[in-house]
Enquirer: 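Quick one: structure below, then a few questions.
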Amino acid sequence: MKKLLIVLLAAAMLLPLLPVQAEGVVNVFNWEDYVNPEALELFEKETGIKVNYMRFTTNEDMMVQVRTNPAAFDVVFPSDYVIERFVKEDLLMELDFAQVPNADNTLEWLKNPSYDPDHKYSVPYMWGTVGILYDTTRVQGPIDSWQVLFEDTYKGEVFMLDSIRDSMGLALKYLGYSMNTQDPAELKAATDLLVKQKQDGIVKAYQVDETKDKMVAGEGILGVVWSGDAQYAINLNENLAYVVPKEGSNVWVDGMVVPRAAKNPENALKFIDFMSRPEIAQMNCEYIEYSSPNQAAIDLMGEEYLENPNLNPSQEVIDNCEFFHDIQDRITIYNTLWAQVKNAK
Ligand code: N2P
């Protein structure tokens with residue numbers, strides 16, 4: 001009896017010295033302002049798994065980090081064209097969908113997307129568009145074209161998106177070209193347009209997550225934003241409105257993926273399944289105001305979601321938009337061109 005007590009005591013003393021079990025953690029790498037913190041708390045409470053939550057601002061920044069240190073992340077939230085790229089680079093783990101039953105809630109049109117055609121590597125998290133958030137009390141006339149971003153009328157009042165594919169993409173679209181073009185002459189025309197916009201003093205700032213709050217505060221007249229950031233801002237300032245310009249834009253999907261090198265793949269699947277639960281997907285959607293790829297969550301949200309064109313754009317708007325595709329190594333050309341824009345004097 002005494003012996004047993006000593007053994008138990010020794011074991012109890014050793015307990016704090018044991019390394020933290022790998023199964024106790026999930027390393028999540030998601031966009032800034034892209035989750036309801038309560039959802040993370042609920043996951044931790046229910047599973048006992050600690051969420052180590054890390055954030056990124058653009059796909060391009062995230063790609064560098066995931067490539068450099070893929071084992072640091074268990075769940076990552078890249079956009080479509082990045083998933084396409086990561087699959088080609090063999091960076092992703094095939095998901096065991098038996099562990100992710102809530103992936104069945106995915107909207108039909110997103111079940112076999114072109115970036116993950118056999119639906120092996122990703123579960124959609126949110127989707128949306130790129131457009132212009134504008135102050136209805138300070139614009140001159142209707143805002144329905146990208147053209148306003150290049151007009152002197154709005155000199156010093158335009159926030160551009162500091163995101164290479166988005167900004168090059170909208171300039172290409174305005175000129176009537178594809179957002180996925182690799183034609184040097186078309187890329188040069190788009191660059192020239194953006195350089196001139198900067199030289200003419202039209203751009204107030206190139207930024208990403210800051211635009212929504214600055215627009216709420218009335219600090220600019222036009223801002224290029226992703227649709228959810230637009231809806232978030234509109235909720236806080238009724239003078240604001242959002243449009244997907246008539247020349248067309250980008251429609252995107254962000255998915256949840258697991259790097260092949262992930263240290264906690266089982267927890268990753270638990271996390272992805274939790275985020276795809278109808279109530280949790282609803283909670284996130286209502287908090288961040290992006291479009292949900294989750295049919296069961298949409299059913300819970302009902303009319304308020306369905307009747308909001310920023311969250312649920314018409315088929316016509318979607319059909320007029322393009323998905324980005326992986327442009328292979330030509331991204332280095334984009335990098336050079338974008339640097340020309342940012343450094344233009
Ligand atoms: C919100 C992130 C939006 C994701 N900060 C755009 N794909």
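None of the values given here were measured: they were computed from a predicted structure. We count ligands from 1, going down the list as the structure has it; atoms in each ligand are counted the same way. Residue numbers start at 1 and run along the sequence shown.
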Enquirer: Which of the atoms in ligand 1, numbered in the order shown and given with their element, are less than 4.0 Å from a heavy-atom of Glu32?
Expert: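 Answer, ordered by atom number: 1 (C), 5 (N).
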Enquirer: What's the shortest distance from atom 3 (C) of ligand 1 to any protein heavy atom, and which residue and atom give it?
Expert: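 Checked against all protein heavy atoms, atom 3 (C) of ligand 1 sits closest to Tyr290 OH, 3.3 Å.
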Enquirer: With distance as the sole criterion, is a donor-acceptor pair present between the side chains of Thr181 and Asp183 under 3.5 Å?
Expert: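 Short answer, no.
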Enquirer: Pick one of side chain, backbone, both or neither for how Val208 approaches ligand 1, counting any non-hydrogen atom pair under 4.0 Å.
Expert: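 Neither; nothing of Val208 gets under 4.0 Å from ligand 1.
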Enquirer: Give the numbers and elements of all ligand 1 atoms closer than 4.0 Å to a heavy atom of Asp209.
Expert: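 The list of qualifying atoms is 5 (N).
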Enquirer: Just say parallel, tilted or perpendicular for the rings of Phe150 and Tyr174, cut-offs at 30° and 60°.
Expert: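 Aromatic pair Phe150/Tyr174 classed parallel.
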Enquirer: What I want to check is whether the side chains of Gln140 and Thr153 have a donor and an acceptor closer together than 3.5 Å.
Expert: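 No - no donor-acceptor pair under 3.5 Å links their side chains.
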Enquirer: Picking from Tyr290, Trp252, Phe56, Tyr53, what satisfies ring-ring contact (aromatic ring centres under 6.0 Å, His included) with Trp31?
Expert: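 Looking at Tyr290, Trp252, Phe56, Tyr53, the match for Trp31 under the ring-ring contact (aromatic ring centres under 6.0 Å, His included) is Phe56.
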Enquirer: What atoms in ligand 1 come closer than 4.0 Å to a heavy atom of Trp252?
Expert: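 By the 4.0 Å cutoff, the relevant atoms are 6 (C), 7 (N).
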Enquirer: Quick one: is the NZ or CZ of Arg165 closer than 6.0 Å to the six-membered ring centre of Tyr334, and within 45° of its axis?
Expert: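 Yes.
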Enquirer: What atoms of ligand 1 come closer than 4.0 angstrom to any heavy atom of Asp254?
Expert: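 Listed by number with element, the hits are 4 (C), 6 (C), 7 (N).
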